[in-house]
Amino acid sequence: MDRFCNGKPLWDSNLTWDGDWPEFTECFQDTILVWITSGWLWTTAPFYVIYLAQLSSTRCQWTWKTYTKLVLTVLLLALQSMDVVFAVSKLTNDWMKASVFAPIIEGITLILIMIYIAMERQKGLVTSGILFIYWTLSLLSSIIPFYSKIIKKEYETKLFEFVIFYLSFTFTVIQWILNSIAENHLQQKDMNPEQESSFLSRITFSWMTRLMMQGYKKPLTEDSVFGLKQRDTSQEAYSRFYNNWVTECASASHEYETANHQYHLQEAESETSYLLVKSHKNIKSQQHQTKPSLIKVLCRTFAVQLFIANIWKIVYDVTLFISPFLLKMLIDYTAASKDPEISNFTQEWKGYSLVAAFFVTILIQSLMFHQQSFWSMTLGMRVKSALMSAVYQKALRMTSEARQNSTVGEIVNLMSIDAQNIQDFISYFWVLWSSPLQSCFSLYFLYDTMGHSMWSGIGVLLILIPLNGFVISKIHKLQAQQMRQKDERIKLLSEVLNGIKILKMYAWEMAFKDKVLIIRNMELKILFKAAIYRIVIIFSRAVAPYFVSLATFATYIFMSSDHYLDAKKAFVAISLFNILRVAISFAPMAVNKTIKASVSFHRLNKYLNSKDLNPTNVVHNTPKDDAIVIEDGTFSWDPDGGKCFRNINITIPEKKLVAVVGHVGCGKSSLLSSILGDMTKVKGSVRVKGKISYVPQQAWIQNASVVDNILFGCEMDQKKYKDVIDACALRTDLDILPASDRTELGEKGINLSGGQKQRISLARAVYHDTDIYLLDDPLSSVDSNVGKHIFEKVIGNTGLLSDKTRVLVTHGLRWLPFVDKIIVMVDGSISEIGTYEELLSHDGAFAQFLKMYIIETAEDEDDPEEEKIKTDISQRLISGGSGDNYDRLLETQTDDVKLLMKICESKRLRNGSKLSQESFVEVPVQKSKLTTDETTEEGHVRLSIFITYAKAIGLVIVGIILFVYALYQISSVLANIWLSQWTSDSVLTNRTLGKPDSHTYMAKNNYYLLVYGGFGIAQAVFVLVFIGIFMVRSITATKLLHERLLHSVIRSPMSFFDTTPFGRIVNRFSADTDTIDNDLPTTVQKWLECVFRVISTLVVISYSTPLFCAVIVPFGVAYFFLQRFYVATSRQLKRLQSKTRSPIYSHFSETISGATVIRAYCAEKSFIKTSNDRINLNQRFQYAIISANRWLGIRLEFFGNIIICSAALLAVLSRGSIEGAIVGLSISYALQMTDNLNWFVRMTSDLETNIVSVERVKEYTDIPAEAELYNDYKLPVNTNQQGVIEFQQYSTRYRDGLSLVLKNITFKIEPGEKVGIVGRTGAGKTSLSQAIFRLIEPTTGRIIVDGEDISMMGLHDCRSKVTVLPQDPVLFSGSLRMNIDPMEHHTDDQIWRALEHAHIKDFIQHLPSKLDYDCGEGGQNLSIGQRQLISLARSILRKSKILILDEATAAVDMEKDALIQQTIREEFSECTVLTIAHRLNTVMDYNRIMVLDNGKIIQFDTPENLLRHPGGLFYQLAKDSGII
């Protein structure tokens, strides 16, 4: 090396460390400095070249910056060449010298740089981190020769070399500046500014400054925020996840098959039974472990990115331990002024070098930490996106059996809570390895500093580890229990919201509120237990570092040879203990997030491994001529629950109309499901030729406009669209709607009638123009004339679908003569198949079915066509007969045929057509948008929100909490000040007073140690009191806030539910409540910790070095403005993120309910795209929030760096007048400043993020409520209900600002009267019924029921007087008993009697658990017809004097329809009945008919009298319907 260095040393410490200035040898400058700089570029070259080669070329113009870089590089190369020539010229023979090789290496490196510049521009890169780091290293390495040449005055002796160097230095500076600026980029819409920023801008997050300024000037909107990078989109994240999931599934399947094969092989070998049994157990165990693992898939997908993200943290952790040793050197530096012989820090430049070293070290830490945080958090964001998309797409393909195991509320929790838990785990994954690593390094360096005495500190830690392990296991179990309770709560709440109208009408809302609270209280009990365990963890985390230091210092005092704790050892140890404290302080958070993630991994894994629909259930596009063929088909909804659909063999030719008939629950809808592939195929085959359109029995309507519901993703064809609208009889409805077909439909079509929803559903199918149409009873919800119109114009052989294959499930007798084939179903199997004529020709199941129907409906007023068909069927079934031979024929027949013959004879002369006008829910005059946009607060989070949470905890309690925590921090500060006094005590520092173990020294040590221990005990007491009170009261707060939220929502008027998507409401009860339950208390606690630590740091530094007070003022001003600048943007981003979260869950809930329809139309891709777009929109704000936090963190930590450097600089300047102990105290606290500021930023950000949940909850607790449920109004005692209804000049509107829907209504209905309410669409019929229930309140006038003004009563008193039987039955998850009698007011005998009268007793008696049978979510385990019968039983049991019917028999078959009508006549014979007439013929035998038009009564009389007025509206309606 000497020869290579031309006889000079590579390193000379006498020059570098002991000299008056840091002089480095020329060889060092020509080797180490050059090798480090160029080595960086050549070491990374293979990887960077491969990276560049993989990029696609982009046409980018070369800019002046590119040319300037190249020119400067060429000039530098020329200068290096001159340097080589000059160096060679100075040598004689041996050129193997460092002075020659240094410029040669640099020259070759510059050639590589030119290649990089050209390649980067060709690939369209706007910046180069590789080159930026190179020029930074080159600039830093030039500093040494820069000052060396000036100090040595080389400009006098080596002018040529001097000029070449400073020209090179100048060009290097310019290169560094140019590489700090991004190249021009092709502008793209919504482009992420990070992609067009420079490397320097990226590591300092300066690219966020533009958005921060924009947010400071005015509140941000959704359009203000930039888009995501491609890699951060949901589509990209899920694509990579799905590919690995498929691989894992294939691997798991292979393992299972291998295990099975081994088992069967070994089963054949019976020689060694012991081994066989053992092998059997092992293989069975293996078989249970063959499910795909979500954790493995996530590792395969994101492990590399996670590794890269955590590399930054390794650099941070390494630099973290430099600061304590810099502190050690600084203490030596200050001590050297008093005793130069014991220190080699006498030179002043060393003090300033230490200050610079502090600055560089902290700067590197800051940059590394924030890069790691940014990478980790954005990775967590991508993982969450992938999981949310996976959950969404799984919901589209899961089987019915799997769907029953996962309710909507549970699946929403998977998206909102579990995916978030895993995101948090990924974001803070580094804690799991970094905290142990920091702890180990801390302990190692403590050993190096304190010797064997540190083992006593480790002993303290070892005592706490088993305790924490036990507590963690308990918390893990409680977390799983809590999530189960949360699922149950959200599930029940979702059902309550879906059925809120019925609950209010039946006055059951408070009972169901109590049911939700019962589950919530169980959840809170679990939360309380978990809080107790968390108190243990937080307490041990808070006191452990102090007691470790106490044990270490005590041991050191008694075991060291000099029994003296000096400042250097004490405060270096304190700095290391602080690092240890921070590492340990992460433990509760890491444990909490790991436990949550573990539970969430298990839940998501279970959900994603649930069964998918088998795509081979149905074979599509078969070459055969028949459209649908099922051969030997056996199907089941639940394979474990038995076969429910047996021996199905049908063939449906192309372009034919086939009807499917049968009684309720016989399997008609299941037949369609088997054709769609939604049922599990046990055996047989299903072949379908062509595409399918599907119209479900219960219409599925999106929360979108009418036109969007019909088009359903198809392109608009105006002519085709108009034809479909006319054919589906929607023209009149569109004319009435405020914005025609652009009118937004409420969630689940809440502002439409059942008939309107069904016709829109049918229009969607017709518009899609597919080959096969599966129509599940679409005509049951429309009136007779509309049904006839639809059948003729759409379904029948003269309609738009005449050249299509149509399968029509129907309860309507009138359509059967016009179909090509009829399939008769009985108890899950096909009884008969044939034409109408064929089935009537023999006395089979079809004929028996028709007989019973005609007999049951003998007294009903039917529409003329159906009457004619009944007569024709009756005659054919009895083989004709009239006149003279009628009596003789009658004598020879069975009883049922005799009855049939009498009915036929009595109706022989009846003919004519009876049609009616359908009634629809009137749409009040309003804007086209029904659903209101979710409001977003602007500006700072109001103080009232913080006060709301403080009040929920208790204002006095908050004061106590703050006081106790202040005492904890004060005792902590005093303990460290006491330590500085201890180490600088004049007696202890004077080692000439006696032996080291003399009483003089030991008494002093004992005194200081005792007080130091007392401060530790005080800290333990204060922190235990603080955390105990806070955790317990935070549970009280969340309980109170949830109860207020639930009560407010339950008591909200119906107008609130009409205009607010349920997903938005559920979001408050799921994500927001979860935040208040778990995240907010932790965040508040951490925030308080950061605030007090920042304050205590400033106080201690000011105490140590009073001059520091001069720095505090400008620092405080700058910090204040920076924080204000940041908060304006950050807070709005968080609000926008919360706002855009609800639509994700609303769309998801909507998708789950319509999954069958979406699959039938093959619209999965469209819905997945919509879901991804909504996730991406929400993640845009999450990405911006992460970036904004890093933007602020970098700048605040720069301030913290200034504080550290200021404290260090003041210590240097105060050398000679300041004790080493005081320096140690000051710097040890200052070193915490960057961490404290960093966490203060993060906790402030998290606090504002989480407190927004309180803001959102409070928003819904302030909703105006309905009238009181009970009030002081006393009903007359012993007054029986009679059923008198009287309206007196009554007017009302749905909401303020809307037009009146009822105008000056006045009428009176006598007890027992049967009144039909008719009118055209929008006349006010439904409004009238809602007015009786006070779902809408009067503007003027009043309603009198049995002589009492209902507006004076409490709502429950009012609603208990009326019973409603709605068109759409609403059931809840739970037992049949609970659904029929949720208030538990009736005995089982009374319930069975009601079920018998509702004609569903036989069905329930055959169920395994009878009244305890679980109805499933929303009653999904029952057919719609069965749900309607349960609803009827509910009404019979209630049996008030007033009954309101709203087309209650639309979903049942003809036989059940007749039985229900008979039940209503018998059970409610003495009741006042108001029927909203969807079919005019159903009210023709009523006492009176009320005719409404435009919110006014224009006619009110008997049907006979109304028909005598040809100019009246009723006459016109009857004429339009064909009744007259």
Side-chain angles (χ1 to χ4, degrees), residues 407 409 485 488-524 1039-1040 1042-1054 1056-1057 1062 1065-1066 1069 1260-1261 1263 1265-1271 1275 1330 1332-1335 1350 1353-1366 1368-1388 1390-1391 1394-1395 1411-1419 1427 1430-1440 1442 1444:
T407 65
Q485 294 299 326
E488 287 297 318
R489 175 170 58 84
I490 298 301
K491 170 185 171 183
L492 178 57
L493 183 73
S494 298
E495 293 186 327
V496 168
L497 295 176
N498 285 320
I500 190 67
K501 181 181 286 188
I502 291 298
L503 292 180
K504 287 181 177 293
M505 287 179 170
Y506 277 87
W508 288 348
E509 66 267 43
M510 302 313 290
F512 275 80
K513 172 196 165 186
D514 292 339
K515 293 178 185 295
V516 174
L517 287 179
I518 288 172
I519 300 175
R520 175 63 175 170
N521 288 334
M522 294 171 65
E523 186 182 347
L524 289 174
K1039 177 182 180 182
L1040 186 62
H1042 180 272
E1043 287 179 354
R1044 289 176 183 172
L1045 173 65
L1046 180 62
H1047 181 80
S1048 179
V1049 168
I1050 291 290
R1051 294 282 293 112
S1052 298
M1054 280 307 302
F1056 168 73
F1057 299 100
F1062 292 158
I1065 301 174
V1066 170
F1069 287 95
Y1260 276 21
T1261 58
I1263 301 169
E1266 291 183 302
E1268 293 296 325
L1269 299 179
Y1270 302 99
N1271 56 25
L1275 296 174
Q1330 292 187 13
I1332 295 175
F1333 283 100
R1334 287 183 65 189
L1335 294 179
I1350 64 171
M1353 305 178 190
L1355 285 179
H1356 276 191
D1357 290 332
C1358 165
R1359 291 167 181 170
S1360 63
K1361 291 177 171 289
V1362 189
T1363 299
V1364 65
L1365 191 55
D1368 296 323
V1370 175
L1371 266 65
F1372 306 93
S1373 58
S1375 67
L1376 279 166
R1377 180 187 284 104
M1378 188 279 293
N1379 272 282
I1380 297 170
D1381 182 28
M1383 308 294 286
E1384 300 180 356
H1385 289 167
H1386 302 277
T1387 64
D1388 280 6
Q1390 291 173 317
I1391 293 174
L1395 291 171
L1411 290 178
D1412 294 323
Y1413 178 74
D1414 185 7
C1415 296
E1417 187 179 14
R1427 292 178 221 169
I1430 296 295
S1431 184
L1432 175 62
R1434 184 190 288 162
S1435 301
I1436 293 172
L1437 204 60
R1438 183 179 173 93
K1439 202 171 183 179
S1440 60
I1442 300 173
I1444 296 179

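All of these numbers come straight from a predicted model, not from anything done at the bench.
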query = To the nearest 0.5 Å, how far apart are CD1 in I1430 and CD1 in I1380?
reply = 4.5 Å
inquiry  = Let me confirm one number: the SG-CG distance from C1415 to N1379, rounded to the nearest 0.5 Å.
reply    = 4.5 Å
message = Are T1261 and V1049 packed together at the side-chain level, in the sense that at least one heavy-atom pair is separated by less than 4.5 angstrom?
response = no
remark   = CD (Q485) and CD1 (I490) are apart, to the nearest 0.5 Å, by 12.0 Å
inquiry  = Is there a side-chain contact between D1412 and L1376 in this structure, where contact means two heavy atoms from C-beta onward sitting under 4.5 Å apart?
reply    = no
remark   = Minimal heavy-atom distance between R1334 and A1267, with the atoms involved, is NH2-CB, 3.2 Å
query = How far apart are the C-alpha atoms of L517 and H1042, what are their side-chain angles, what is the distance that settles it, and do they pass the side chain to side chain contact (heavy atoms under 4.5 Å, CB included) test?
reply = CA-CA 9 Å; L517 287 179; H1042 180 272; 4.3 Å; yes
request  = Using atom types as modelled and distance alone, determine if a side-chain donor or acceptor of S1048 lies under 3.5 Å from a backbone N or O of L1045.
outcome  = no
key: Donor-acceptor pair, side chain of D1357 and main chain of M1353, under 3.5 angstrom   = no
N-O pairing of K501 and E509 below 4.0 Å = no
message = Quick one, L1395 with L1411, criterion side chain to side chain contact (heavy atoms under 4.5 Å, CB included). Give me CA distance, side-chain angles, the key distance, then yes/no.
response = CA-CA 10 Å; L1395 291 171; L1411 290 178; 3.6 Å; yes
task = Measure the spacing between CG of N521 and CZ of R489 and express it to the nearest 0.5 Å.
result = 11.0 Å
ask   = Do you know the tightest heavy-atom contact between C1358 and I1332?
value = SG-O, 3.6 Å
inquiry  = Angle between ring planes, F512 versus F1372, binned at 30° and 60°: parallel, tilted or perpendicular?
reply    = tilted
message = Applying side chain to side chain contact (heavy atoms under 4.5 Å, CB included) to L1046 and F1069, what does each step give before you reach the verdict?
response = CA-CA 8 Å; L1046 180 62; F1069 287 95; 3.9 Å; yes
ask   = Pick one: which of Y1270, F1333, W508 meets ring-ring contact (aromatic ring centres under 6.0 Å, His included) with H1356?
value = Y1270
key: Test item: Y506 side-chain N/O and R1359 main-chain N/O as donor-acceptor pair under 3.5 Å   = no
query = Under the 3.5 angstrom rule, does the side chain of R1051 hit a backbone N or O of E1266 as a donor-acceptor pair?
reply = yes
query = Are the side chain of R1044 and the backbone N or O of K1039 linked by a donor-acceptor pair below 3.5 Å?
reply = no
request  = Starting at CG of D514, measure out to CD1 of I519 and round the result to the nearest 0.5 Å.
outcome  = 11.5 Å
task = Measure from the side-chain N and O atoms of K504 to the backbone N and O of I1050, and report whether any donor-acceptor pair falls under 3.5 Å.
result = yes
message = Minimum heavy-atom separation for A1433 and A1394, please, with both atom names.
response = O-CB, 3.7 Å
message = Contact between Y1413 and S1375 at the side-chain level, heavy atoms closer than 4.5 Å - yes or no?
response = no
key: Minimum side-chain heavy-atom gap V1370-E495 below 4.5 Å   = no
request  = Kindly say whether T1387 contributes a backbone atom to a donor-acceptor pair with the side chain of Q1390 at under 3.5 angstrom?
outcome  = yes
request  = Locate the shortest heavy-atom distance separating S1440 from S1360; write the atom from each residue and the value.
outcome  = CB-O, 3.9 Å
Side chain proximity check, I502 to R1434, heavy atoms < 4.5 angstrom = yes
task = Decide yes or no on ring-ring contact (aromatic ring centres under 6.0 Å, His included) for F1056 and Y1260, but give the supporting numbers first.
result = CA-CA 10 Å; F1056 168 73; Y1260 276 21; 5.3 Å; yes
query = Does the side chain of S1435 come under 3.5 Å of the side chain of T1363 through a donor N or O and an acceptor N or O?
reply = no
remark   = Here the gap from H1386 atom NE2 to R1377 atom CZ, rounded to the nearest 0.5 Å, amounts to 13.0 Å
